[in-house]
Protein chains: 2
Amino acid sequence: MRMNNSVTLRDIAKALNLSISTISKALNDSHEIGAETKQKVLDYAKKHHYSPNRMAKGLKEGKSRSIGVVVCSLDNNVIAQMLDGIHKASTEKSYQIIIMQSKESEKQESACIELLYAGGVDGILISPAYETINFSYLVSLQDAGLPIVLFDRLIDQINTHKVGADNFKGAYDATRHLIDNGYKNIAHLNTNTILSIATDRLNGYKQALADSGIKYRPELLRSCNYTDTNKLNEDLEQAIKYYMGLKDRPDAIFTATDQISTRCLMLLNKMGYKIPEDVALIGFTNTELADAMNPPLSTVHQPAFEIGQFAAEKLIAMIEGKRLDEGYETVMLPTNIKVRASSQSRI
Amino acid sequence: MRMNNSVTLRDIAKALNLSISTISKALNDSHEIGAETKQKVLDYAKKHHYSPNRMAKGLKEGKSRSIGVVVCSLDNNVIAQMLDGIHKASTEKSYQIIIMQSKESEKQESACIELLYAGGVDGILISPAYETINFSYLVSLQDAGLPIVLFDRLIDQINTHKVGADNFKGAYDATRHLIDNGYKNIAHLNTNTILSIATDRLNGYKQALADSGIKYRPELLRSCNYTDTNKLNEDLEQAIKYYMGLKDRPDAIFTATDQISTRCLMLLNKMGYKIPEDVALIGFTNTELADAMNPPLSTVHQPAFEIGQFAAEKLIAMIEGKRLDEGYETVMLPTNIKVRASSQSRI
DNA sequence: CTGTTAGCGCTTTCAG
DNA sequence: CTGAAAGCGCTAACAG
């Protein structure tokens, strides 16, 4: 049973009265084939839309020219942009990508990885779920020789190439920006995960406070559950109520993730707080709709496309055996602050 | 060269002192294998994490258990939701999906399709680019036996299963909603494409006007270029300026696509028009951020996830030979209107 | 320079 | 009930 109805090497061989291997070599531009034969083969192949069978080639070569990508979700602007970057880098090197979603669940993430591995991918790009604590399965695959690159959400538990945003700097800049605009009591809303993405951002926030001589107040840090949207909303609502009920209540909030940033804005509006008069807001997110919001939302923008692209390039380099460099590298691409009305200066 | 380090049938055969074909049959639960042998094989396979090699299986069976998906872009909330649905349906039937982006370019779209076909996909799910006029390549592949299902953006030029939103009804409802809320001069902003998605929405708009005894004014229809974001923004800005400069200027705008809806809101804000006092707004889009906007944007919501899911199920049914039903089917899933402040009643 | 052959891992007759 | 063998389309060693 032939795939599609496509022409095979055999068809060309028969038509041209040559052997299969001659055709194969001609198409692979082998030096041991004569110029005119080569031309004849190439012409025939082009004319009849020959394209090599991925399966056969993959089987023979022991690789599939496909890479697995594991993300928490497709329906998220930052991730869509990263996937776009991954997609670009991959197709450039003619790799296919197989995308899987963990939905922030450790269990589902393992299932994705297993499926990808079983499916014979040549390597895996992964941005771990918030929930994941145990990375031993991933490590075992790595030990078994599977190239793995981490992107966006990085972890220390696994030693490989990593590509993410400079979260410390992004958080530092955002906090600093609030301080420079006259805000003093700055709350930080983040997520309860062991991923460095959370601690890096928290540390950036703390450092900015310290550098400005503002004491860090632990009661201004709230960590929300991220696995379930409903739970997240609940946690956020509670956090905001808690903040606004404090004696010395915050005059600004710095939010750590896309979801938290936008939902926080909605909730503040819903509860009737004026932004930035009652409380200012700046947060991580890449949505183009920040300008359309009420009020326009100040954001920390991540180079999502570039993160994806760079991570994919790294992985492909690993797959293709360029494991030459002794050590693994962690790359942090710069974020940048986009100031809008939600963090307007009160000075 | 073996894929990964995975165990093969041969490994199991050697270990158990059986033949390869016995193992194969045992794993496929063939009736011609004894119960205890079967058990022994299954146990060993499980213990050693055996999983069949996709490439080999695909080569043998002449199919790849993968489906190609062509969309205009990844970075779009409606599409992300559709992909999510496609993904769910596909993984349930253990098909992999290969996603390609046309970026609204006819040329790039052809390239995507060619790549997918060459890559040996078992079928193609496609939502055509706005720009595409010539569908002959797709038709020729279909004639060659490749199953194709259209989703989201449907066209008449190709005869197959199609799954989309009920765009006529969505547009009708949106326009009717504006009329019911006291708006009389309703403009319609859409795109210049031959895709039925545009004409259906236009017709729904016209029908709602007719049913309410309002005369259709052609000067209130503007069609924007959609291929290039910059061009779109320009066209939109011009259209709005044009509308607002009219003697009998519109008191409401109904926008036909995700991009147009959100950008239109931004532009109106930027130009200083009050929504809905100066001009009301309702438009197609699925963004969760409608509530966060200034003002909260009334939307026509498409069942994007379901469209993707249903389309994928149809395609897989076709692939698996259930082409039994004589005719092809076009399914229109219902949209629903989400009323927010941007189209508040002026009565 | 061109052809023959073996084999990647799997399914599937066909024999035993 | 189990095994041997062919072949899916391709590459690569080895002959000629």
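If you're wondering where the values come from, they're calculated on a predicted model, not measured in any experiment. Just so we're on the same page: letters track the sequence lines, and every chain starts at 1.
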Quick one about [Y] and [X] (side-chain donor to acceptor, distance below 3.5 Å, no hydrogens or angles considered), yes or no?
| X | Y | answer |
| --- | --- | --- |
| B:Y137 | B:Q142 | no |
| A:N134 | A:E106 | no |
| A:T132 | A:E109 | yes |
| A:S24 | A:S21 | no |

Using the C1' atoms of the five pairs at each end, what is the angle between the end axes of the helix from C:dC1-D:dG16 to C:dG16-D:dC1, to 10°?
50°
Can you check the [X] [atom1] to [N] [atom2] distance for me, whole Å?
| X | N | atom1 | atom2 | value |
| --- | --- | --- | --- | --- |
| B:I12 | C:dT11 | CD1 | P | 11 Å |
| A:D11 | D:dC8 | CG | C1' | 13 Å |
| A:K38 | C:dC1 | NZ | C1' | 11 Å |
| A:E36 | C:dC1 | CD | P | 9 Å |
| A:L16 | C:dT2 | CG | P | 12 Å |
| B:K60 | C:dT11 | NZ | C1' | 5 Å |
| A:L9 | D:dG7 | CG | C1' | 15 Å |
| B:M55 | D:dT11 | CE | P | 14 Å |

So, A:T91 side chain and A:H87 main chain: donor-acceptor pair closer than 3.5 Å or not?
yes
Within less than 4.0 Å of OP1 or OP2 of D:dG9, is there a side-chain N or O belonging to A:Y50?
no
Would you say B:R10 places a side-chain N or O within less than 4.0 Å of OP1 or OP2 belonging to C:dC8?
yes
Closest listed nucleotide, where the reference is the side chain of A:E32 and the choices are C:dG9, C:dT2, D:dT2:
C:dT2
Derivation of the side chain to side chain contact (heavy atoms under 4.5 Å, CB included) call for B:L74 and B:Q101:
CA-CA 7 Å; B:L74 280 173; B:Q101 304 181 69; 3.5 Å; yes
Determine whether A:E313 and A:K93 satisfy the following criterion, salt bridge (Lys or Arg N to Asp or Glu O under 4.0 Å), listing intermediate values before the conclusion.
CA-CA 9 Å; A:E313 284 168 358; A:K93 301 270 184 178; over 6 Å; no
Salt-bridge present (B:K103, B:D75; N to O < 4.0 Å):
no
Could you tell me whether the side chain of A:F135 reaches within less than 4.5 Å of the side chain of A:P128, counting heavy atoms only?
yes
Note: contacts of residues 18-31 of chain B with DNA chain D (heavy atom, under 4.0 Å) are B:L18, B:S19, B:S21, B:T22, B:K25
